Amino acid sequence: MAIIYNENSREFHLHNGKISYLIQIMRNGQLGHLYFGKGLKERDSFGHFQQYAYRDMAPCAFADDYTFSLEHLMQEYPAYASADSRYAAYDLEEENGCHVNKFVYKNHKIYGGKPELSGLPHTYIEKEEEAETLEILLEDEMVGAQIILTYTIYADLPVIARNARFICTGEQPVTLHQAMSLSLDLPDKDYVMLDLAGSWGRERHIHERPLDVGVQSIHSMRGHSSHQFNPFVALRRPHTTEHCGEVIGASFIYSGDFLAQVEVDNFDVTRLTMGIHPSGFDWKLKKGEAFQTPEAVLVYSEEGLNGMSQTFHTLFRTRLARGVWRDKERPILINNWEATYLDFNEEKILNLAKDAKELGIELLVLDDGWFGVRNDVKSSLGDWYPNLEKLPSGIKGLSEKVTDMGLKFGLWIEPEMVSPNSDLYRAHPDWILANVKKENSLGRFQYVLDLSKKEVVDYVYGLLEKILKESKISYIKWDMNRSLSESYSNGKPAEEQGKVRHQHVLGIYDLYERLTSNFPEILFESCASGGGRFDPGMLYYSPQGWISDDTDAVERLKIQYGTSMVYPISSMGSHVSAVPNHQVFRKTSLETRGNVAYFGTFGYELDLNALSEEEKSEIKEQIKFMKEYRSLIQKGTFYRLASPFEGNITAWMVVNEAKTEAILGYYRVLQPVNTGFVSIKLQGLDEEKLYRIEEENFAGYGDEWMQRGFSVSDQASGVMGRYAKTQGDYFSKVYHIVAE
Ligand code: DGJ
């Protein structure tokens, strides 16, 4: 791995054998972009990658060169109000209202390692030799401002992590109206844009569209990354598949408003930009002040979408997620939400715990409803002290009782919110993130607390610290159940209001940082009404998240398949729930519900006391299976094999590092009649090794399983025969594959 600066060509080459990223200092001193993709050999200059042409009407920088126009040059971090009329990476305004500026190369630094981003989630390294970093300082002396563009390349991963920092150096303040984390120009438009779209209950479905001239984008203006779009896009070549072909993935390590936009100009040049959504964002900087953008990560793969996902999985599982739980096997849990909703008392919870213990479950999670006077969702958020009518021995007593039974105890919180009917709201009505003098929307009967104010973060922290200190709590489920709407920070001056939504996110990060660092043994799981804030920012604080409130096994196939585009299996909360399912009322077998939920952090979310003896013994077997294979499932290399978005069959598998063991999940939604044979081509095996698929008691070499495939032709026309027991809808099977 190396970052090279070529003095003669004035070019930077970031490369690690797998990828190259090329930047040039252009004739006008600004930065041009030359290339991002498969690794290239170093040479004297790559300047020929920049194409010049005379174009009618194009504003040009030099009187002697009518081919040098920002209108069509590929740039590294383009400015608004320049000769480039495409969408910019940033927009900076001087006090006199002028948006025109020209940040030119001043100097650069290249060093081993990767710097921290204070107060913001970011990817990291454990040893300096894992990465190298380039910082390029740009300056506009007339404006009195600097930009530092930072690029880190990992030695063993096809990853570039980027961010930008704006500094006001002059006497006059400047205001940022837009500051994206990355801008990437690509020389053609021969791509399909893939994003993860959906809504509550059907999060992160794969969505694709071919690029075309104009703008295509996804965004959130909800104050959280949202159920609707995830802060991720991929640009794949039209013929790229799950297993081969080029793809560039971009992921934004942030949990608030975002914009990911792909613009194709009229010369078919593609510009990808990603960062904090500029709407509602204004950040005034006085002399000496700086604005730091969040980090964005670029991944390149020539091994298809799976190749891209595996890079994200490795990066996010091992160099974004942190803490003692990062590499530990995750506990199998029972959550009481779908078992009791808010209608519980200590006795019910202890009964659940008793059955859970007998079945082999390791952690009991007490969900919403344990605090204030919360008997319905209309009250008490903010009053983080126990409801002694429901729980006479409080959280302290209950957590001790559960722990004495041999289970760990976990607790639900929703610390960013306040109910109008709460002691907190009555004491501090101006702590809501809305203008108290106006009519403001309630969402799920609650307001958002203004975490852009330190005193509010301090207050919430104080209450939570008390419970965590006095009780035996091993796990926290951190929920948030409404989007931001009419945000306004009471008491702050006008010029500070454009900062509030980002400062609110920083406040959430601050609260998370304080809780996770002061209680490092606690496992945090993020949640936002299901998967409304399942993003890389959250993964930095909580190594797992609840990916959806939809627990139906069939719906989960799409949600888990889509989520796996970016996020590791170890980050996906997945539970077995009751039938008929509470979201879609579908009945699936306990086996299929388990077979889907295995591919995540496993748990149950149903009334264990209502189960038959037969169901209990099946659950015991499931728990035994998960305990045996969770390390492989949560840390192995994950391959998507057949997509639920394309047909009746879903299949995926995980393979251990040594390629000696794998688990295959196969799911068939509807039972077909008398159709052709189906086989699934396995992935990730060693061609030379002989593997036995245990349930089939048949061995084949890795190349056979991968080239010819594994036959899952279970759709026989009659009830007789080899697969008779597999007849019916919502069938699934999990196979254990071992090398001999
Ligand atoms: C939404 C979450 O996604 C659910 O799992 C549950 O915790 C409820 N909130 C509780 O209000």
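Quick caveat, the model's predicted, so the values are computed rather than measured. In each ligand, atom 1 is the first atom listed, and ligand 1 is the first ligand listed.
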Asks: Can you sort out which atoms of ligand 1 are near W412, meaning under 4.0 Å from one of its heavy atoms?
Replies: 7 (O), 10 (C), 11 (O)
Asks: If you measure from the Lys or Arg side-chain nitrogens to the Asp or Glu carboxylate oxygens, is any gap between D450 and K453 under 4.0 Å?
Replies: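 Salt bridge between D450 and K453, a charged N being under 4.0 Å from a carboxylate O: yes.
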Asks: Hey, are E362 and R630 close enough for a salt bridge, meaning a charged N less than 4.0 Å from a carboxylate O?
Replies: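 Yes, E362 and R630 are salt-bridged.
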Asks: Need the ligand 1 atom indices (1-based, order shown) with element for anything under 4.0 Å from a heavy-atom of W546.
Replies: 3 (O), 5 (O)
Asks: Hey, is ligand 1 close enough to E605 that some N/O pair sits below 3.5 Å?
Replies: no
Asks: Who's the nearest protein heavy-atom neighbour of atom 6 (C) of ligand 1, and how far?
Replies: D367 OD1, 3.3 Å
Asks: Need the ligand 1 atom indices (1-based, order shown) with element for anything under 4.0 Å from a heavy-atom of N481.
Replies: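 Matching atoms, with element in brackets: 1 (C), 9 (N).
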Asks: Distance to 0.1 Å, residue and atom name: give those for the protein heavy atom nearest to atom 9 (N) of ligand 1.
Replies: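 Ranked first by proximity to atom 9 (N) of ligand 1 is D479 OD2, 2.7 Å.
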Asks: Please state whether R444 comes within less than 4.0 angstrom of ligand 1, counting heavy atoms only.
Replies: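 Judged by the 4.0 Å heavy-atom criterion, R444 does count as contacting ligand 1.
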Asks: What is the nearest protein non-hydrogen atom to atom 11 (O) of ligand 1, stated with its residue, atom name and distance?
Replies: D368 OD2, 2.7 Å
Asks: Taking only heavy atoms of G530 into account, list the atoms of ligand 1 that are under 4.0 Å away from them.
Replies: 3 (O)
Asks: For residues 452-473, pull every pair meeting ring pair (Phe, Tyr, Trp, His ring centres under 6.0 Å), keeping only residues two or more places apart or in separate chains.
Replies: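 Checked against ring pair (Phe, Tyr, Trp, His ring centres under 6.0 Å) - neighbours excluded - the pairs reaching residues 452-473 are W431-Y459.
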Asks: Is the shortest distance from a Lys or Arg side-chain nitrogen in R374 or D383 to a carboxylate oxygen in the other one below 4.0 Å?
Replies: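 A salt bridge is absent here (no side-chain N lies under 4.0 Å from a carboxylate O).
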Asks: Is it true that E400 and K396 make a salt bridge, defined as a side-chain N closer than 4.0 Å to a carboxylate O?
Replies: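 Yes, this pair counts.
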Asks: Decide whether an N or O pair under 3.5 Å exists between D549 and ligand 1.
Replies: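 Such a contact does occur with ligand 1.
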Asks: Check this for me, if you would: do R556 and D552 make a salt bridge, where the nitrogen-to-carboxylate-oxygen distance has to be below 4.0 angstrom?
Replies: no
Asks: Hey, does K477 sit under 4.0 Å from ligand 1 if you only count heavy atoms?
Replies: yes
Asks: Using distance alone, determine whether C527 and ligand 1 share an N or O pair under 3.5 Å.
Replies: no
Asks: Any carboxylate oxygen within less than 4.0 angstrom of a Lys/Arg side-chain nitrogen, looking at R533 and E416?
Replies: yes
Asks: Quick test of your reading of the model: are D367 and K477 salt-bridged, counting only N-O distances below 4.0 Å?
Replies: yes
Asks: For the pair D458 and R514, find out whether any cationic side-chain nitrogen is under 4.0 Å from an anionic carboxylate oxygen.
Replies: yes
Asks: As an exercise, identify every atom of ligand 1 less than 4.0 angstrom from a heavy atom of S529.
Replies: 1 (C), 3 (O)
